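In what follows, a single structure is set out as structure tokens and then discussed.
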Amino acid sequence: MPRLRVVAGPSLDALVPISTNSDVPHTIVSDAFEGQILAYIKDFTDEQGNALHNEYFGREDRKGITWSIQVQGRFLRPISADDVLFGNTFDRPLKLPWGSGAALKFMHFVDPTLEHDLSSSTKPWALSPLVSTMPHFVHTRLPALSRTSFSLSSENGWPPFSSPQSLSDDTKQLHQTLRSSPPHSHSHSHSPSPSPTPSLLFHSRNASSSGVAKHEQALQDLRTADRRRAYFRDASHRRELIFGPEDVFTTDFCYGFIQFTPTLSLQLPGGISFDLMHYWDGQPVRFMCCERKREGDNGAEGSDTPWGRVLWCVAIELVLDEEQSRPQSPP
């Protein structure tokens, strides 16, 4: 089986190899995102074919997990939680196996907020809002003095990363990302609106305060990953949150339905499995965080790309050995 390697970077054209199963994070900095990434793959092998083990896969709360992508970072410009997406993207059509519909049903069961076009004839994709798709999600509000610092350390208020303790949900500070007031409605009418009376202003402000208080209480009641993911299935709940440079997120995207040894395979409930090496054409499998693409937005990735600006990306790619990559001589 060809060797695999993991690459990461702030954009698709700036991906570099990173260490795997090493507990040494890879730093990513751009004008839109600042953070660090860890990658774990069970029984991952190095260039010499030696298996690189990590105690992460032996933890009681990570039994059955075969891979994990952990990210800690912040968005350097304010952005709605509904506009931060995470998932897989590809540069060319996929060779989908017979029965792939079962895999898609399983994906929707795991994440009802998933949207996709994996049968695209140009650039297939499958993306979900980050706040609702992550199995494990922690939010930390930085102290005011640390918000302009680019030092990713606990001395500046950043939470620990690469901890011997598995990440579990902590969203008790997430209510601090709520919009202070409902978003303004945009009217297409050019006629002037009448000035509100003091009574209308009073009731409007009371309604606004009541709405914020209601959302704040709901966020403080999340407590578990299941509650968080269920709450943020509602797009209106996601649009109420604005993430900025003061908000640090630590996430662990980890599952066990992909097996990497002895061959690359997809294992689904009910005994359904696919030998992915039979269908994989060698293009990188990207796990990408990006902005939602809006209508009329050409974006940094081009007008024909169905996603917006890339914020960070981790990809698993094939590395051909010298014999496989050497051009074949004519007979």
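Note that the structure is predicted; figures quoted are calculated from it, not measured.
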Check against side chain to side chain contact (heavy atoms under 4.5 Å, CB included), His53 and Asp43: CA-CA 6 Å; His53 302 291; Asp43 298 326; 3.3 Å; yes
Step-by-step side chain to side chain contact (heavy atoms under 4.5 Å, CB included) determination, Cys290 to Leu127: CA-CA 9 Å; Cys290 63; Leu127 295 166; 4.1 Å; yes
Audit row: Arg238, Ser80, side chain to side chain contact (heavy atoms under 4.5 Å, CB included) steps and yes/no: CA-CA 7 Å; Arg238 300 193 298 267; Ser80 163; 5.7 Å; no
Verdict with reasoning, Thr224 to Asp226, per side chain to side chain donor-acceptor pair (under 3.5 Å): CA-CA 5 Å; Thr224 67; Asp226 287 343; 5.5 Å; no
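Checked by atom type and distance alone, the side chain of Asp247 pairs as donor or acceptor with a backbone atom of Gly244 at under 3.5 Å. In terms of modelled atom types and a separation under 3.5 Å, the side chain of Ser132 and the main chain of Arg233 share no donor-acceptor contact. Side chain of Asn88 to main chain of Arg286: a donor-acceptor pair is present (N/O by atom type, distance under 3.5 Å, no hydrogens or angles). Formation of a donor-acceptor pair under 3.5 Å by the Gln48 side chain with backbone atoms of Thr45 is not found in this model. Although no hydrogens or angles enter the test, the distance criterion places no donor-acceptor pair under 3.5 Å between the side chain of Arg5 and the main chain of Glu317. In this structure a side-chain-to-backbone donor-acceptor pair under 3.5 Å is present from Arg179 to Arg239. In terms of modelled atom types and a separation under 3.5 Å, the side chain of Gln70 and the main chain of Phe253 share no donor-acceptor contact. Side chain of Arg77 to backbone of Ala32: no donor-acceptor contact under 3.5 angstrom is found. Here the side chain of Trp307 pairs no donor or acceptor atom with the backbone of Val310 at under 3.5 angstrom. A donor-acceptor pair is defined here as one N or O able to donate and one able to accept, closer than 3.5 Å; no such pair exists between the side chain of Ser163 and the backbone of Pro160.
Residues Leu311 and Pro10 have side chains not in contact (no heavy-atom distance under 4.5 Å, counting atoms from C-beta outward). For the pair Phe249 and Thr140, the minimum side-chain heavy-atom distance is 4.5 Å or more. By the 4.5 Å heavy-atom criterion applied to side chains, Phe90 and Trp125 are not counted as neighbours. Side chains of Val6 and Ile41 form a contact here, defined as non-hydrogen atoms less than 4.5 Å apart. Side chains of His116 and His108 form a contact here, defined as non-hydrogen atoms less than 4.5 Å apart. Inter-residue side-chain proximity for Asp281 and Lys95 is flagged as unmet; no heavy-atom pair is nearer than 4.5 Å. With contacts defined as side-chain heavy-atom distances shorter than 4.5 Å, the pair Gln36/Val29 does not qualify. The shortest side-chain heavy-atom distance between Leu241 and Leu174 falls under the 4.5 Å cut-off.
Among Phe86, Phe75, Phe287, the one residue that satisfies the ring pair (Phe, Tyr, Trp, His ring centres under 6.0 Å) test with Trp312 is Phe86. Considering Thr89, Asp91, Thr305 in turn, Thr305 is the only one that fulfils the side chain to side chain donor-acceptor pair (under 3.5 Å) rule with Lys123.
Of all heavy-atom pairs between Ile37 and Ile18, the closest is CG2-CD1, 4.3 Å. Across all their heavy atoms, Thr133 and Ser128 have their closest contact at CB-CB, 3.6 Å. Heavy atoms only, all atoms of each residue included: Met288 and Leu12 are closest at SD-CD2, 3.7 Å. Scanning both residues, Met107 and Leu118, for their nearest heavy atoms gives CE-CD1, 4.4 Å. A pairwise comparison of heavy atoms in Gln173 and Arg141 identifies OE1-N, 2.9 Å as the closest pair. Shortest non-hydrogen contact noted between Gly9 and Leu15 is N-CD2, 3.4 Å.
Applying the 6.0 Å contact sphere to CD of Gln165 captures no more than 12 heavy atoms from other residues, nucleotides or ligands.
Residues Asp252 and Ser68 have side chains that bring a donor and an acceptor to within less than 3.5 angstrom of each other. Using a 3.5 Å distance cut-off with no hydrogens or angles, the side chains of Asp61 and Ser166 do pair a donor with an acceptor. There is a side-chain donor-acceptor pair under 3.5 Å between Asp111 and Thr113.
The side-chain contact (heavy atoms from CB on, under 4.5 Å) test applied to Ala218 returns Tyr231, not counting sequence neighbours. Checked against side-chain contact (heavy atoms from CB on, under 4.5 Å), Leu52 has the following partners two or more places apart in sequence or in another chain: Asn21, Phe44, Asp46.
A salt bridge links Arg292 to Asp82: one of the charged nitrogens lies within less than 4.0 Å of a carboxylate oxygen. Under 4.0 Å is where a charged nitrogen must lie from a carboxylate oxygen, and between Arg223 and Asp169 no such pair does. For Arg309 and Glu291, the salt-bridge test fails: no basic side-chain N is under 4.0 Å from an acidic carboxylate O. Using a 4.0 Å cut-off between charged side-chain N and carboxylate O, Arg228 and Asp221 make no salt bridge.
Between the CG atom in Leu76 and the OG atom in Ser30 there is a gap of 6.5 Å [rounded to 0.5 Å]. A distance of 11.5 Å separates CZ of Arg62 from CD of Glu60, quoted to the nearest 0.5 Å. Interatomic distance, OG1 of Thr251 versus CD1 of Ile69, reported as 9.5 Å (0.5 Å rounding). Atom CG of residue Asp234 and atom CD of residue Glu240 lie 10.0 Å apart, to the nearest 0.5 angstrom. We find the CE-CG distance between Met134 and Leu130 to be 4.5 Å, quoted to the nearest 0.5 Å. Interatomic distance, Leu222 CG to Thr171 OG1, rounded to the nearest 0.5 Å: 4.5 Å.
Here Tyr56 sits in one hydrophobic cluster together with Leu38, Tyr40, Phe57, Ile65, Phe161; the rule is ILVMFWY side chains under 4.5 Å apart, joined directly or through other members.
Val314 and Val7 sit in two unconnected hydrophobic clusters of ILVMFWY residues. Membership requires side-chain heavy atoms under 4.5 Å apart, directly or through other members. In this structure, Ile242 is not a member of the same hydrophobic cluster as Phe33, with clusters built from ILVMFWY side-chain heavy atoms closer than 4.5 Å. When hydrophobic clusters are built by joining Ile, Leu, Val, Met, Phe, Trp and Tyr residues whose side-chain heavy atoms come closer than 4.5 Å, directly or via intermediates, Val24 is not grouped with Trp158. Note: the hydrophobic cluster containing Val110 does not contain Leu167 (ILVMFWY, side chain heavy atoms under 4.5 Å, direct or indirect links). Under the 4.5 Å side-chain heavy-atom criterion for Ile, Leu, Val, Met, Phe, Trp and Tyr, Leu178 and Phe137 are members of the same hydrophobic cluster.
Between Phe106 and Phe257, the ring-plane angle classifies as perpendicular under the 30° and 60° cut-offs. Taking the six-membered ring where the residue is Trp, His237 and His215 present perpendicular rings, their angle passing 60° and hence far from 30°.
Side-chain rings of His139 and His175 stay apart, their centers remaining 6.0 Å or farther from each other.
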